[in-house]
Student: 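Take this structure, written in structure tokens, and hold onto it; I'll ask about it next.
Quick note: residue numbers are just sequence positions, from 1.
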Amino acid sequence: MTPDKQYLLASDFDQTLSFHDSGIILSEILGITGFEQKIAGLSNIHLVQQGGELAYLVLHDPEYRRVRREHLIEAGKRVRLKPNIRLLSQLLEGLEGYKFSFYVISAAPVEVIQSALEGIVPADHIFGTRFRYAESGEIESIEQVPAGYGKVAVLEELTAKLQISHNRVIYVGDGSSDVHVMLHVNRREGLTIAVSENKYITQIAKRTILSDDALSVLIPVLEDVAEWPPSKIRALFESQGFVLQEWEKVRTDSLTISKTSSPQAVNA
């Protein structure tokens with residue numbers, strides 16, 4: 001019997017498996033306004049790694065110093081997840097000839113992710129920002145922030161632990177904080193999947209899939225890894241009670257055309 005091909009599928013959390021940034025939900029719980037403006041300000045001055053802005057605010061912003069573990073857990077319970085994350089994991093597990101290890105790597109606080117994905121993804125398969133708490137319950141320092149290159153470090157730890165070759169790594173992400181890890185996965189011949197139209201990652205990711213359903217990630221996996229034809233993919237979805245509507249493969253060239261000071265002659 002041929003052994004199963006081992007793959008690691010790692011996914012971001014905020015806006016990849018969920019619809020909103022967990023920082024927005026946490027701000028609502030605390031009654032804090034202007035979260036997005038604060039994040040934009042930190043991003044513009046490049047003070048922290050892309051994706052690590054919430055961790056910075058929790059440590060240094062007076063309003064966010066009120067954050068406690070219970071607030072993070074409550075924020076996770078309020079996160080609106082994309083449908084069918086559990087089914088995605090189950091179908092990957094049942095794919096004959098393949099064994100997929102599904103992990104979440106995100107800069108969101110680990111308490112938020114574990115709370116949101118409780119009963120769906122095992123806690124030890126979730127890597128998020130880890131805080132160190134004082135006896136008073138106040139957050140006093142950061143132990144780990146999987147943002148930017150931090151995601152690469154976690155991915156390297158997992159491939160070593162699971163003994164999975166780099167060309168059998170699949171990474172799914174949605175934003176600028178995923179650029180480093182996608183470039184790393186691409187360089188080692190893995191598969192990168194963007195689930196948003198963010199221009200920084202769509203030009204890097206090998207595949208882009210746009211859908212409000214987490215199950216959509218299965219399509220590039222089945223096409224590029226298992227080499228299934230569209231008819232077989234449609235049949236699998238139909239067997240689970242789904243119909244693939246408006247499945248369009250679109251190639252988009254994104255460019256800016258500027259007028260020069262003087263036209264140049266064109267040789268026919």
Student: Atom CG of Asn186 and atom CZ of Arg188: how far apart are they, to the nearest 0.5 Å?
Tutor: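 So the gap between those two atoms works out to 12.5 Å.
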Student: So which atom in Glu63 and which in Asp61 form the shortest heavy-atom distance, rounded to 0.1 Å?
Tutor: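 What the structure gives for the nearest pair is N-OD1, 2.9 Å.
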Student: Can you establish whether the number of heavy atoms outside Glu197 located under 6.0 Å from its atom CD is more than 12?
Tutor: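 No, CD of Glu197 has 12 or fewer neighbouring heavy atoms, counting only those of other groups under 6.0 Å.
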Student: Rounded to the nearest 0.5 Å, how far apart are CG of Leu117 and CZ of Arg86?
Tutor: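 The CG atom of Leu117 sits 10.0 Å away from the CZ atom of Arg86.
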Student: Could you tell me whether the side chain of Arg65 and the main chain of Ile139 form a donor-acceptor pair under 3.5 Å?
Tutor: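 Here the side-chain-to-backbone pair exists.
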Student: If you apply the rule side-chain contact (heavy atoms from CB on, under 4.5 Å), what do you find for Ile193 with Val221, and how did you get there?
Tutor: CA-CA 9 Å; Ile193 303 171; Val221 173; 4.2 Å; yes
Student: To the nearest 0.5 Å, what is the distance between CG (Asn44) and CD1 (Ile39)?
Tutor: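 The CD1 atom of Ile39 is 11.5 Å from CG of Asn44, to the nearest 0.5 Å.
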Student: Quick one: closest heavy-atom pair of Gly52 and Ala147, and the distance?
Tutor: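 Looking at all heavy atoms of both residues, the closest pair is N-CB, 3.8 Å.
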Student: Please report the C-alpha distance between Thr192 and Lys206 in whole Å, then the side-chain angles of each, then the deciding distance to 0.1 Å, and finally whether the side-chain contact (heavy atoms from CB on, under 4.5 Å) criterion is met.
Tutor: CA-CA 5 Å; Thr192 48; Lys206 292 183 179 179; 3.7 Å; yes
Student: What pair of heavy atoms forms the shortest contact from Thr129 to Ala107, and how long is it?
Tutor: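 So the minimum-distance heavy-atom pair works out to OG1-O, 2.6 Å.
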Student: Say whether Val79 and Ile120 are linked into one hydrophobic cluster, either directly or through other cluster members, by side-chain heavy-atom distances under 4.5 angstrom.
Tutor: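 The answer is yes; both residues are in one hydrophobic cluster.
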Student: Could you tell me if Lys151 and Tyr171 have a donor-acceptor pair between their side chains, going purely by distance under 3.5 Å?
Tutor: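 Yes, a side-chain donor-acceptor pair sits under 3.5 Å.
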Student: Please confirm whether the backbone N or O of Gln15 pairs with a side-chain atom of Ser18, one donor and one acceptor, at under 3.5 Å?
Tutor: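 The answer is yes, because a donor-acceptor pair under 3.5 Å joins these two groups.
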Student: Could you state the interatomic distance from OG (Ser115) to CG (Leu72), rounded to the nearest 0.5 Å?
Tutor: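 Those atoms lie 9.5 Å apart.
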Student: Are side-chain heavy atoms of Ser196 and Ile201 found at a separation under 4.5 Å?
Tutor: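 Ser196 vs Ile201: side chains touch.
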Student: Closest heavy-atom contact between Ala214 and Ile85?
Tutor: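 That closest heavy-atom pairing would be CB-CG1, 3.7 Å.
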Student: Are Arg132 and Glu143 within salt-bridge range, i.e. N to O under 4.0 Å?
Tutor: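 Salt bridge flag = yes for Glu143 with Arg132.
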Student: Regarding Ser211 and Asp213, do their side chains bring together a donor and an acceptor under 3.5 Å, going by distance alone?
Tutor: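 Their side chains do not contain a donor-acceptor pair, so the 3.5 Å distance test is not met.
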Student: In this structure, are over 12 heavy atoms from other groups packed under 6.0 Å from Gln90 atom CD?
Tutor: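 Counting other residues, nucleotides and ligands, CD of Gln90 exceeds 12 neighbours.
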Student: Working to the nearest 0.5 angstrom, can you tell me the gap between Arg66 CZ and Leu26 CG?
Tutor: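 Spacing of CZ (Arg66) from CG (Leu26) equals 9.5 Å.
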Student: Run Val225 and Leu95 through side-chain contact (heavy atoms from CB on, under 4.5 Å) and show every step you take.
Tutor: CA-CA 11 Å; Val225 174; Leu95 195 59; over 6 Å; no
Student: What distance do Arg78 atom CZ and Arg80 atom CZ have between them, rounded to the nearest 0.5 Å?
Tutor: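 Nearest 0.5 Å value for the CZ-CZ distance: 15.0 Å.
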Student: Please tell me if the side chains of Val67 and Phe131 come closer than 4.5 Å, counting only heavy atoms from C-beta onward.
Tutor: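 When only atoms from C-beta onward are counted, Phe131 and Val67 do not touch, as no gap falls below 4.5 Å.
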Student: With a 4.5 Å cut-off on side-chain heavy atoms, are Pro109 and Leu54 touching?
Tutor: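 With C-beta onward as the side chain, the pair touches.
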Student: Can you classify the ring geometry of Phe237 versus Phe242 as parallel (below 30°), tilted (30 to 60°) or perpendicular (above 60°)?
Tutor: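 Ring orientation, 0 to 90° scale: perpendicular.
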Student: Could you list the residues that satisfy ring pair (Phe, Tyr, Trp, His ring centres under 6.0 Å) with His60, not counting sequence neighbours?
Tutor: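 With neighbours one apart ignored, the set is Tyr56.
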Student: Looking at Arg130, I want to see if its CZ is surrounded by more than 12 non-hydrogen atoms of other residues, nucleotides or ligands under 6.0 Å.
Tutor: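 Open: at most 12 neighbouring heavy atoms sit under 6.0 Å from CZ of Arg130.
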Student: Counting neighbours of CD on Glu138 that are heavy atoms of other residues, nucleotides or ligands and sit closer than 6.0 Å, is the number greater than 12?
Tutor: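 Yes, enclosed.
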Student: I need the minimum non-hydrogen distance between Leu81 and Phe19, along with the two atoms involved.
Tutor: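 The pair with the smallest heavy-atom distance is O-CE1, 3.6 Å.
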Student: Walk me through whether Leu191 and Tyr7 qualify under side-chain contact (heavy atoms from CB on, under 4.5 Å).
Tutor: CA-CA 10 Å; Leu191 174 62; Tyr7 279 83; over 6 Å; no
Student: Does any part of the side chain of Trp228, heavy atoms only, come nearer than 4.5 Å to the side chain of Leu236, both counted from C-beta?
Tutor: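 Yes, close enough: below the 4.5 Å cut-off.
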Student: Within the structure provided, determine whether Gln6 and Leu162 are in side-chain contact (heavy-atom separation under 4.5 Å).
Tutor: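 The answer is no; the side chains never approach within 4.5 Å.
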Student: Would you call Glu53 and Leu57 a side-chain contact if the rule is heavy atoms closer than 4.5 Å?
Tutor: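 No. Closest side-chain heavy atoms not under 4.5 Å.
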Student: Is the shortest side-chain heavy-atom distance between Glu156 and His166 below 4.5 Å?
Tutor: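 Glu156 vs His166: side chains touch.
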Student: Between Asp174 and Val195 (side chain of the first, backbone of the second, donor and acceptor by atom type, cut-off under 3.5 Å), is there such a pair?
Tutor: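 No.
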Student: Any chain of hydrophobic side-chain contacts (each under 4.5 Å) joining Leu158 to Val172?
Tutor: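 No, Leu158 does not connect to Val172 through the hydrophobic network.
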Student: Hydrophobic cluster membership, with links at side-chain heavy-atom distances under 4.5 Å among I/L/V/M/F/W/Y: are Ile73 and Ile29 in one?
Tutor: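 No, separate clusters.
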Student: Might you confirm whether atom CD of Glu140 has over 12 heavy atoms from other residues, nucleotides or ligands at distances under 6.0 Å?
Tutor: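 Counting neighbours around CD of Glu140, more than 12 heavy atoms of other residues, nucleotides or ligands fall under 6.0 Å, so yes.
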Student: Tell me every residue that passes side chain to side chain donor-acceptor pair (under 3.5 Å) with Arg207, counting only those two or more places apart in sequence or in another chain.
Tutor: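 Here the qualifying residues are Glu223, Asp224.
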Student: Linking I/L/V/M/F/W/Y whenever any side-chain heavy atoms sit under 4.5 Å apart, do Ile126 and Val217 land together?
Tutor: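 In one cluster: yes.
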Student: Looking at Tyr200, I want to see if its OH is surrounded by more than 12 non-hydrogen atoms of other residues, nucleotides or ligands under 6.0 Å.
Tutor: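 Atom OH in Tyr200 is not crowded, with 12 or fewer foreign heavy atoms closer than 6.0 Å.
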Student: Looking at every heavy atom in both Gly148 and His180, which two are closest together, and how far apart are they?
Tutor: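 Smallest interatomic distance, heavy atoms only, reads CA-CD2, 3.8 Å.
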Student: Side-chain contact test, heavy atoms from C-beta onward, threshold under 4.5 Å: evaluate it for Ile24 versus Glu28 and give yes or no.
Tutor: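 With C-beta onward as the side chain, the pair touches.
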Student: Determine whether Val110 and Leu59 fall in the same hydrophobic cluster, where Ile, Leu, Val, Met, Phe, Trp and Tyr are linked whenever their side-chain heavy atoms lie under 4.5 Å apart.
Tutor: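 They do share one cluster, since a chain of ILVMFWY contacts under 4.5 Å joins Val110 to Leu59.
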